[in-house]
Trainee: 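Just dropping this structure here.
Below, read A as the first sequence line, B as the second, and so on, with proteins coming before strands; counting in each chain starts at 1. Computation of the quantities below employed the complete heavy-atom set of this structure, encompassing side-chain atoms and omitting hydrogens, waters and symmetry-equivalent molecules.
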Protein chains: 2
Amino acid sequence: MATSTVENYLKATLLHEQENDGIVPMGALVEALGVVPGTVTTMVKAMAAQGLMEHESRQGVRLTPVGRALALGVLRKHRLVETFLVRTLKMDWSEVHDEAEALEHAVSNRVLERIDEFLGHPTADPHGDPIPNQEGVIADTATQVTMQGCAINKSLQVTRILDQSPDFLAYVQDTGLKPGTRVKVLRREEASGVVRCETKIGHEIALGLTAAAKIVVGAVA
Amino acid sequence: MATSTVENYLKATLLHEQENDGIVPMGALVEALGVVPGTVTTMVKAMAAQGLMEHESRQGVRLTPVGRALALGVLRKHRLVETFLVRTLKMDWSEVHDEAEALEHAVSNRVLERIDEFLGHPTADPHGDPIPNQEGVIADTATQVTMQGCAINKSLQVTRILDQSPDFLAYVQDTGLKPGTRVKVLRREEASGVVRCETKIGHEIALGLTAAAKIVVGAVA
DNA sequence: AAGTCTATTTTGAATACTCGAAATGCAAGC
DNA sequence: GCTTGCATTTCGAGTATTCAAAATAGACTT
């Protein structure tokens, strides 16, 4: 079995591979895991020896198929646990990340599949991030549109938040732009970079371009 | 924070103190934790230095108030998690022990209190073992009576199973003598040591004295 | 081409936990 | 009182993970 440290390295690598393409630089893992560079080098070598990743010296790492499969399993646990904490235990969706971080290493597959069933096989967690299925397949996200690029004056709904930092989560909470919320972009002010929109409740909101780029929207069901 | 290893040593010590009185011999921890004697000596010394237990050389250990409080917290987590796995996730009550063993170290107090609330503040886990409350107080168990010593021909119910081994749990499952089940002891055959009883469903069962001594019964509500 | 900057690697050391095997203390029996 | 036996302790060593600090490789300037 992989230790929780190893699982964390796998997950961080997978997440980076998903966001950017090509090799994952050591610095990205240093950043994501909050350790010093030397530690990452040591761990990466050990994991490469175990066949979980490939290490190109002075370049970075890449997951092997085995490593990727394990990483997807960890991601699945993380996101199902988050969903569970919010939906069933009524915890605040902006505070469940750290809890899930700890639990993802302790939940067995047996328990996980019970949770999955209990929740009705959800495909996205409370932040809208897709949940890999048991085989590690993730629903397509290539065609995603954010509030920065979506159609104007069309009734849409928030489907995903791309920035998980507590700050941004609090901001989203504040404006009410959580996954599931109906929104319509009224207009974009090119000069100032302000995006004006209104929510279902009639509330009108102005948000900056960077913020708009982090909120994914889709058609209403 | 205590590591999960430390939590396991604390819990094992508490459990032994509850079953037997006086000092807990090192051998008891060796047995309970599945490590070699030298390891226990090393850990115990470290924990004594941290003020979690007192170590009498060549004798054994005793929890300090601080250690006991922590141990009760771990026990509370273990038992609430077990209850949750059985009641909410519909897992088999004879197989949840190992799962809870892993989860008890990963569940935060915040999550734990949500689970407690979700379950309606239960006072006993699926095996009938009492769940300490938030202050570490355990409901009285001194007046417990087993099927070995209870009244004859009185309608009672199973309230607790004292042996958690998979074997005995399977036996209990088999005979249907789970916590909550109504039973009446018909008679005890002194010579053979057989205890005859009948369950609510009219089923008549014969069980040995050792088995009878592991099944706690109480008045029906 | 030489020099500089930065990411990465190396090295040496620490912590927490574990083992196996040898040494020791103590209680019980003869 | 001496010996035996078992529980416990000590000792030396190994794994996994981490850090701080020094060394190095490449890429980027000038």
Trainee: Are A:Phe84 and B:Phe84 an aromatic pair, judged by ring center distance below 6.0 Å?
Mentor: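 Yes, they do, as the ring centres are separated by less than 6.0 Å.
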Trainee: Could you list where the contact with chain A starts and ends along DNA chain D, reading 5' to 3', using a 4.0 Å heavy-atom cut-off?
Mentor: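 Nucleotide range with atoms under 4.0 Å of chain A: D:dT17 to D:dA25.
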Trainee: Taking the basic N atoms (NZ, or NE/NH1/NH2) and the acidic carboxylate oxygens, is any pair closer than 4.0 Å for A:Lys90 and B:Glu117?
Mentor: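 Salt bridge between A:Lys90 and B:Glu117, a charged N being under 4.0 Å from a carboxylate O: no.
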Trainee: Quick one: does B:Thr88's side chain have a donor or acceptor within less than 3.5 Å of a partner on B:Leu85's backbone?
Mentor: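 Flag not set: sc B:Thr88 to bb B:Leu85 has no pair under 3.5 Å.
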Trainee: Can a side chain N or O of B:Thr39 be found less than 4.0 Å away from OP1 or OP2 on C:dC19?
Mentor: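 So the side-chain polar atoms of B:Thr39 do come within 4.0 Å of the phosphate oxygens OP1 or OP2 of C:dC19, strictly under.
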Trainee: Which donor-acceptor pairs under 3.5 Å do the side chains of residues 52-62 of chain A make with protein atoms, sequence neighbours left out?
Mentor:
none

Trainee: Tell me every residue that passes salt bridge (Lys or Arg N to Asp or Glu O under 4.0 Å) with A:Lys214, counting only those two or more places apart in sequence or in another chain.
Mentor: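 Partners of A:Lys214 under the salt bridge (Lys or Arg N to Asp or Glu O under 4.0 Å) test: A:Asp163.
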Trainee: Between the main-chain N or O of A:Pro132 and the side-chain N or O of A:Arg79, is there a donor-acceptor pair closer than 3.5 Å?
Mentor: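 The answer is no, because no donor-acceptor pair under 3.5 Å joins these two groups.
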Trainee: Quick one: do A:Arg76 and A:Glu135 make a salt bridge, cutoff under 4.0 Å?
Mentor: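 No.
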Trainee: So, using side-chain hydrogen bond (donor to acceptor under 3.5 Å, both in side chains) as the criterion, who are the partners of A:Thr3 when residues are at least two apart?
Mentor: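 With sequence neighbours excluded, A:Thr3 shows a side-chain hydrogen bond (donor to acceptor under 3.5 Å, both in side chains) to no residue whatsoever.
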Trainee: Hey, is the side chain of A:Ser57 poking within less than 4.0 Å of OP1 or OP2 on C:dT9, counting only N and O atoms?
Mentor: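 A:Ser57 to C:dT9 OP1/OP2: side-chain N or O found under 4.0 Å.
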Trainee: Has the side chain of A:Arg188 got a donor or acceptor atom that lies under 3.5 Å from a matching backbone atom of A:Gln148?
Mentor: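 Judged by distance alone, yes, a pair lies under 3.5 Å.
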Trainee: Charged N to carboxylate O below 4.0 Å: is that the case for A:Lys77 and A:Glu7?
Mentor: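 Looking at A:Glu7 together with A:Lys77, the answer is no, because their closest N to O distance does not fall below 4.0 Å.
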Trainee: Using a strict heavy-atom distance below 4.0 Å, which residues from residues 41-49 of chain A are in contact with DNA chain D?
Mentor: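 Correct list: A:Thr42, A:Met43.
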Trainee: Check side-chain hydrogen bond (donor to acceptor under 3.5 Å, both in side chains) between A:His97 and all other residues, then give those that pass, not counting sequence neighbours.
Mentor: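 A:His97 satisfies side-chain hydrogen bond (donor to acceptor under 3.5 Å, both in side chains) with A:His78, A:Glu82, A:Glu101 once adjacent residues are dropped.
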Trainee: Below 3.5 Å between N/O atoms, which protein atoms pair up with nucleotides 5-7 of chain C? Just atom names and distances, please.
Mentor:
none

Trainee: Check each residue of residues 2-15 of chain B for a non-hydrogen atom within less than 4.0 Å of any atom in DNA chain C, then write out the ones that pass by number, or none.
Mentor: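 Those residues whose heavy atoms fall under 4.0 Å from DNA chain C, taken from residues 2-15 of chain B in numerical order, are B:Thr3, B:Thr5, B:Tyr9.
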Trainee: Under the ring-ring contact (aromatic ring centres under 6.0 Å, His included) rule, what pairs show up with a residue in residues 16-42 of chain A, not counting sequence neighbours?
Mentor: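 Applying ring-ring contact (aromatic ring centres under 6.0 Å, His included) to every pair that reaches into residues 16-42 of chain A, excluding sequence neighbours, yields nothing.
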Trainee: Mark yes or no for whether A:Arg87, through its side chain, and A:Leu119, through its backbone, hold a donor-acceptor pair below 3.5 Å.
Mentor: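 Yes, A:Arg87 side chain to A:Leu119 backbone: donor-acceptor pair under 3.5 Å.
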Trainee: Is A:His55 close enough to C:dT9 that one of its side-chain N or O atoms is under 4.0 Å from OP1 or OP2 there?
Mentor: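 A:His55 to C:dT9 OP1/OP2: side-chain N or O found under 4.0 Å.
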Trainee: Provide the full list of salt bridge (charged side-chain N to carboxylate O under 4.0 Å, His left out) pairs with a residue in residues 14-24 of chain B, sequence neighbours left out, each pair given once.
Mentor: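 The answer is B:Glu17-B:Arg68.
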Trainee: Between the axis at one end of the helix from C:dA1-D:dT30 to C:dC30-D:dG1 and the axis at the other (five pairs apiece), what's the angle to 10 degrees?
Mentor: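 Axis angle across the helix from C:dA1-D:dT30 to C:dC30-D:dG1, nearest 10°: 20°.
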Trainee: Looking at residues at least two apart in the chain, or sitting in another chain, which of them share a side-chain hydrogen bond (donor to acceptor under 3.5 Å, both in side chains) with B:Asp92?
Mentor: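 With neighbours one apart ignored, the set is B:Ser94, B:Gln173.
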